[in-house]
Amino acid sequence: MHNKSLTELAADLRAGAYTSVELTQHFLDRIQKYDESLNSFITVTPELALAAAAEADAQIATGTAGPLTGIPMAHKDIFCTDGVKTSCASKMLDNFIAPYDATVVEKLKQAGMPILGKTNMDEFAMGSSNENSFYGAVKNPWDTDRVPGGSSGGSAAAVAARLVPVATGTDTGGSIRQPASLTGITGIKPTYGRVSRFGMIAYASSLDQGGAFGRDAADCALLLSAMSGFDEKDSTSSEQAAEDYTANLGKPLKGLRIGVPEQYFGEGLEEGVATSIRSALEQYKALGAELIDIKLPNTKLAIPSYYVIAPAECSANLSRLDGVRYGHRCEDPVDLEDMYKRSRAEGFGSEVKRRIMVGTYALSAGYYDAYYLKAQKLRRMIKEDFVAAFNDVDVIMGPVSPTTAFKIGEKSDDPVSMYLQDIYTLAVNLAGLPAMSIPVEAADGLPVGLQLIGNYFEESRLLNVAHQFQQATDWHKQTPLGFGA
Amino acid sequence: MSLTASDVKKISHLARLAIDEADIEKYTNDLSNILDTFADMNEANVDGVEPMANPQDSTQRLRDDVVTEVNARDKFQAIAPNTESGLYLVPKVLE
Amino acid sequence: MEWETVIGLEIHAQLSTKSKIFSGSSTAYGAEPNTQANVVDLAMPGVLPVLNKDAVRKAVMFGMAIDADIPDFSVFARKNYFYPDLPQGYQISQFDQPIVGLGHLEIELENGETKRIGVTRAHLEQDAGKSLHEDFAGQTGVDLNRSGTPLLEIVSEPEISNAKEAVAYMRKIHTLVQFLGICDGNMQEGSFRCDANVSVRPKGQAELGTRAELKNINSFKFVERGINIEVERQIDIIEAGGKVVQETRLFDPDKDETRSMRSKEEANDYRYFPDPDLLPVAISQELRDSVRAELPELPEQKKQRFMDQFELSALDAGVLTSNRALSEYFEALADATGEAKLSANWVNGELASHLNKAELDVTDSKVSVEQLTALIGRITDNTISGKIAKDVFEAMWEGEGDVDQVIESKGLKQITDSGAIESLIDDIITANPGQHEQYRSGKDKLFGFFVGQVMKVSKGKANPAEVNRLLKSKLDA
């Protein structure tokens, strides 16, 4: 069952081949059996999942089921889930039972999907390896000595090992695409404003977007369709009409113009990765697409721009974690100052503290113009690069990550080296564009992801372009060994 | 961009983060290294470029002035560290 | 050495919207602690702000009333600092691009002249919650009901020169926001708060002196006193050779002094940046036109109209237009009775004193416009005298009935019948031959004595005009 597509599962459920309760139990059993070696879950919610599955079965019986009814899933532990621990992988929220549902959670509940649990992640979404979790690192199912990527490492590892069919993630600088790439699955980050941020614990407000992980584009299309749409509770939510992203999956690729940015194939890109990417591009050519060289001249400004804006916004977003109304409070505070400082020092891990401090510094008196304001201008320049490129091409493609999955501990002492993992993904968040990662040929036995970047609100096209590739290849069907065939 | 220990102390105070003396040096180094990555920004020419707040350059939607919320105090305070008589309790500010 | 004072006032007016500025919680005053604080107000992880249209409209209306620049786009910014009544760890306020730009209003000085005071800007922001420092054994209790209530922060140019001008300016704004219906002006409930920036400098010096910020001056009386003692304090310091420290000082009305608020005053680095959860607010022509259409008659306009239309004095008109509800009461009364001057006297006289004594707002008056109209009608038709009418008003206020019921039950009908009055006069004259003799020999003042006697014996009910007329003729006869 766990190797079937969502469409197949939905058909089986409607046909009565098995019930949602059985299906859900199947995944719960797999999690029980295999997750110890991966640590991809922070909280598993068997009772809630089975109760929701029973309700889904009732719906299926009356013939009013939707395409996702009864299909279990998991949420990155960044989405507030009413009555369920929502920790953001932080000691700060280790005791936090969310008192409300995020809009995304509400929507997927309404779609009838039982929640198997909350997946592990880098603390407060800050990281590219899922080593920054209060609950311990997540292991890459392809090689458990290696990282699965981050920050949505838990969701990616769980989907890759087929412990869940689909999962939600968030992507602020690459946190869906990069783990998808490192674990050999498909992930999509939609256009900024496409998915509601209400209830999605904020890291960098102007960059964060919720998105989907699945074994292929078709599954991601189904999940993303259910997640998307205008939300009046989110001022940054787009009023652009929601779409059924499965509608155009079948469109042929002939005549597709693919932009290949010069700046994405320079120094730092591992040879094995480069070879796989180029090979995939050739595959697209064979499918009828045209490859066009393009320039994105301001690419290298994405790193400083991102590492000013994201920490600045997060330094303010995390100020509410003060031990007053919820979350961790230190023991026996001497006075108010002591309570704030010790609660926050005890609650946050070092990467989070570093980013809060960088952000605080960048916004502090005298530095606003040189850093934050300037970064917001660079951001527009980065966006303009893409806008210009999309005059000549339909989709932009390149690598997601400069390397394959690195070993746990290899980069954790050097924050900057970790930041450079995001070099190809950051610009997309700064511009607010939609993008995906799809698995292509492995390099040295480790997964490699191809990045597809689309124009604003062109998720449908992206998913179509990904889907057509997956009809002609089978990298996406490969699963890691050791998790029951 | 080199920060000093004194800078780090000032920043950590603004951010209400207690940093142990023993860790100050590591934070100072780490933060300085991170800020070094900003060097590329200095050369960039941003003349005539407007800052970008939102990718679509959209404007704020306005909400009707209607009361939509009901009292859920018990639920919210069930997860609070310290409350009494419906108030959140915190240690006093030391004047 | 001659000194001059430079004062700037910062007024925080709570806008009288039904719901909060960024959430749908109620803004009603006096609820049990934390019963009007939802996930957004409590700054739970993951929540987001959505802007209240009415807060924007009210701010724009204020801007129009003070002839201010209103920008095409306005931006919200985060003001970052830590305090338990500030759940987000930042206040959503405005820094660059406030919703109201430079404007002005006129104040009346004691010598009758007017002075223009500039308003630098007005901006929207969230109110914080309340911290209760007593009752919790060394701890502070935090109530977040108020957190998120919309405030309009109104900043004056530093063009106020003394405490009296400060009070005049504060009163002007207080009246204006109530007239516009954007703020109820209730200082006891904290809907209208004032801080003052005060500095002194030698007369003629261009450079400004160091200023201190005064807080807790939330009444007209405190503003005046607080400023005056602060000015004295600063002058004393400088004259003794010292320097004024830039700091926040609390006015203590019991000790009649100002004192420094913090033992170590640290300059706050608020790290303002545009709030990324909110988009720039476009203030469209449509919105402006719609707000302008709702703009009510402003206090000065109404005052002038009362002077012109009802021929009231500036003093009377000024008092009547100091409060919108009062001016509406008066105007309804004047229209109904057709007696503007009399109406003004009654509103500013008996009605005002009863309202003050009972600490009621005119909207809760125990004598309605209709009732007072009837009462004035009974004066003008001579059923009762103006003097007796005051007793009738008192009885109506106490709920004893309408004007005719009271007159009837208390037997207060005026005696106008000349025969009856003559008969009373005859009795008085007969009973007081000595005074009559003295009057006839030239002691005119005794006229008053006879009037008094007639009024006494008639229990005040004799029509005064008739008494005067008939008494004169009888005494002189």
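A side-chain N or O of A/Asn317 and one of C/Arg78 form a donor-acceptor pair less than 3.5 Å apart. At a cut-off of 3.5 Å, with distance as the only test, no side-chain donor of A/Tyr368 or C/Arg271 sits close to an acceptor on the other residue.
Residue contact with chain A, scored on non-hydrogen atoms closer than 4.5 Å, is absent for C/Tyr270. Interface remark: C/Asp277 contributes backbone and side-chain atoms alike to the contact with chain A (heavy atom separation under 4.5 Å). For A/Asp234, the parts lying under 4.5 angstrom from a heavy atom of chain C are both the backbone and the side chain. Both the backbone and the side chain of A/Phe198 have a heavy atom closer than 4.5 Å to some heavy atom of chain C. Neither the backbone nor the side chain of A/Phe79 comes within contact range of chain C; no heavy atoms are under 4.5 Å apart. With a 4.5 Å cut-off on non-hydrogen atoms, A/Thr360 touches chain C through its backbone and its side chain both. Of the atoms belonging to A/Glu232, it is backbone heavy atoms, and not side-chain ones, that fall under 4.5 Å from chain C.
When all heavy atoms of C/Pro45 and A/Cys80 are compared, the closest pair comes out as O-SG, 3.5 Å. Across all their heavy atoms, A/Asp322 and C/Pro87 have their closest contact at OD2-O, 4.2 Å. The two residues C/Ala43 and A/Arg320 make their nearest non-hydrogen contact at O-CD, 3.4 Å.
No other option in A/Ala98, A/Ala365, A/Ala102 has as many heavy-atom pairs under 4.5 Å with chain C as A/Ala365. Between chain A and the residues C/Val47, C/Leu279, C/Val39, the most heavy-atom pairs under 4.5 angstrom are made by C/Val47. In terms of non-hydrogen atom pairs under 4.5 Å with chain C, the most contact-rich of A/Ala362, A/Gly199, A/Ala316, A/Ser206 is A/Ala316.
Within the 4.5 Å cutoff, side-chain heavy atoms of A/Pro99 are placed close to those of C/Met44. Looking only at side-chain heavy atoms (C-beta outward), C/Leu48 and A/Lys233 stay at 4.5 Å or farther from each other. Here the side chains of A/Ser319 and C/Gln88 are not in contact, with every heavy-atom distance at 4.5 Å or above. Using a 4.5 Å heavy-atom threshold, the side chains of A/Tyr372 and C/Pro274 count as touching. Side chains of A/Ser235 and C/Leu51 form no contact here, defined as non-hydrogen atoms less than 4.5 Å apart.
In C/Arg211, the CZ atom is not crowded: 12 or fewer heavy atoms of neighbouring residues, nucleotides or ligands sit closer than 6.0 Å. Counting non-hydrogen atoms of other residues, nucleotides and ligands closer than 6.0 Å to NZ of C/Lys18 gives a total of 12 or fewer.
Of the candidates C/Tyr81, C/Tyr83, C/Phe82, C/Phe82 is the only one forming a ring pair (Phe, Tyr, Trp, His ring centres under 6.0 Å) with A/Tyr340.
Here the CG atom belonging to C/Leu278 is positioned 9.0 Å from the OG1 atom belonging to A/Thr236, to the nearest 0.5 angstrom.
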